[in-house]
Amino acid sequence: MFKVPTVAADRLPALLRRMPKAELHIHIEGSLEPELIFALAHRNGLSLPYADVAALKRAYAFSNLQSFLDIYYAGASVLITEQDFYDMARAYFVKAAQDRVLHAELFFDPQTHTARGVPMRTIVSGLHRACVDARAELGVSALLIMCFLRHLSEEAAFATLEEALPFRDQIVGIGLDSGELGNPPEKFAKVFARCRQLGFRLVAHAGEEGPPAYVWTALDELKVERIDHGVQSTHDAALMQRLARDRIALTVCPLSNLKLCVFPDLARHTLGQLLDAGIVATVNSDDPAYFGGYLNSNFTETFAALGLKAAQAYTLARNSFEASFIEPAAKQAYIRQLDECFETFR
Ligand code: HPA
Ligand code: ZN
């Protein structure tokens with residue numbers, strides 16, 4: 001096992017920024033910056049219910065998940081053409097490369113676009129082309145995870161799956177997002193079973209605002225491999241043991257949790273507790289354009305608030321590669337790059 005060097009507190013932010021990492025929980029529509037929302041609205045001849053970028057930014061004051069989702073879906077409504085989806089993802093990849101993200105797994109929400117008449121082909125083609133170019137031009141590998149909106153019906157999810165099947169080889173996995181309370185994972189048991197048969201990798205948001213019971217049913221009824229958020233698991237000791245024992249990764253998003261009032265401040269975040277319990281936690285940005293920071297801000301601000309150290313930085317970065325959906329050989333190559341980076345801080 002790699003021996004992590006002791007790193008002085010004043011050098012820790014540089015290490016966090018420079019270390020290779022993977023991002024496993026990023027809603028690509030949540031990377032739409034206000035400036036790009038206005039530019040795309042203009043390009044597509046759409047008007048927005050906000051006078052300007054500053055007015056839109058003033059609306060980014062959230063009290064819970066739903067208050068955010070209302071604005072997030074409104075922002076996504078400027079996406080019309082294949083080039084719009086490409087430009088959105090490209091802007092994210094440029095930021096990710098600056099944050100030393102070597103691999104990213106992007107969530108997308110097709111139902112919020114197909115409901116407006118945007119074809120599935122337009123969405124997937126634009127995002128896929130951006131993924132191909134990110135690898136070639138920025139050195140970032142990327143995969144797409146299609147999410148079902150849980151406030152809609154399971155029947156609607158089945159219809160979305162049908163629409164996506166022509167693009168099966170451009171989508172690695174299936175996720176579940178949107179308003180959690182009142183929409184438990186088991187609502188989607190049949191469609192997730194079908195996705196499993198089709199060979200998709202499975203993840204679901206659970207235990208962000210919802211109870212530990214939702215994490216249990218995501219595992220036992222949807223049979224997901226990773227839990228997105230999962231921070232409410234700390235309220236259930238048996239669940240904590242299950243997550244650790246089965247090495248179920250949690251894609252934790254600290255600045256999201258702060259902005260959506262899941263924790264009153266970052267110093268009260270339970271990331272350290274999850275790591276101490278031996279859970280495969282990772283750090284992610286969720287919706288960086290809305291929550292005040294991309295991946296490195298999530299790392300530096302959370303480490304400062306919680307007093308985490310180099311050993312935890314190494315564990316989190318290593319977990320991000322190990323929990324990813326890339327080939328084992330590629331994982332090992334990324335982890336070697338991680339070790340080399342830490343060596344330079346010895
Ligand atoms: N939770 C649920 N749905 C979402 C989120 C989130 O944090 N971000 C975008 N869609
Ligand atoms: Zn999310």
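Counting convention: from 1, in listed order, for ligands and their atoms alike. Just so it is clear, the values below take in all heavy atoms, side chains as well, and ignore hydrogens, waters and symmetry mates.
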- [ ] Decide, yes or no, whether a salt bridge links Arg242 with Asp246 under the criterion of side-chain N to carboxylate O below 4.0 Å.
- [x] yes

- [ ] Using a strict cut-off of less than 4.0 Å between a Lys/Arg side-chain nitrogen and an Asp/Glu carboxylate oxygen, indicate whether Glu137 and Arg90 qualify as a salt bridge.
- [x] yes

TODO: Decide if the gap between the ring center of Phe38 and the ring center of Tyr50 is smaller than 6.0 angstrom.
DONE: no

- [ ] Would you check if the distance from the ring center of His229 to the ring center of Tyr214 is below 6.0 Å?
- [x] no

With a 4.0 Å cut-off on heavy atoms, is [X] in contact with ligand 1?
X      : value
Gly30  : no
Phe107 : no
Glu29  : no

Open item on the list: A quick test of your reading: do over 12 heavy atoms of other residues, nucleotides or ligands sit less than 6.0 Å from CZ of Arg43?
Closed with: yes

Task: More than 12 heavy atoms of other groups within 6.0 Å of His42 NE2 - done: no

Task: Per-atom contacts of ligand 1 with Phe68, taking only distances under 4.0 Å to non-hydrogen atoms - done: 8 (N), 9 (C)

If you have a sec, work out which protein heavy atom is nearest [atom] and how many Å separate them, to one decimal?
atom                   : result
atom 7 (O) of ligand 1 : Asp286 OD2, 2.7 Å
atom 1 (N) of ligand 1 : Glu208 OE1, 2.8 Å
atom 3 (N) of ligand 1 : Ser178 N, 2.8 Å
atom 8 (N) of ligand 1 : Asp287 OD2, 2.7 Å
atom 5 (C) of ligand 1 : His27 NE2, 3.5 Å

TODO: With heavy atoms only and a cut-off of under 4.0 Å, state how Asp228 meets ligand 1: side chain, backbone, both or neither.
DONE: neither

Do [X] and [Y] meet the cation-pi criteria used here (NZ or CZ under 6.0 Å from the six-membered ring centre, within 45° of the axis)?
X      : Y      : value
Arg168 : Phe200 : yes
Arg116 : Tyr73  : no
Arg268 : Phe263 : no
Arg226 : Phe325 : yes

For [X], is at least one N or O under 3.5 Å away from an N or O on ligand 1?
X      : value
His25  : no
Tyr73  : no
Ser256 : no

Task: Donor-acceptor side-chain pairing of Glu186 and Thr217 below 3.5 angstrom - done: yes

Task: Donor + acceptor pair across side chains of Tyr334, Ser324 (<3.5 Å) - done: no

Task: Atoms of the protein (N/O/S only) found under 2.8 Å from the Zn ion (ligand 2) - done: His25 NE2, His27 NE2, His205 NE2, Asp286 OD1

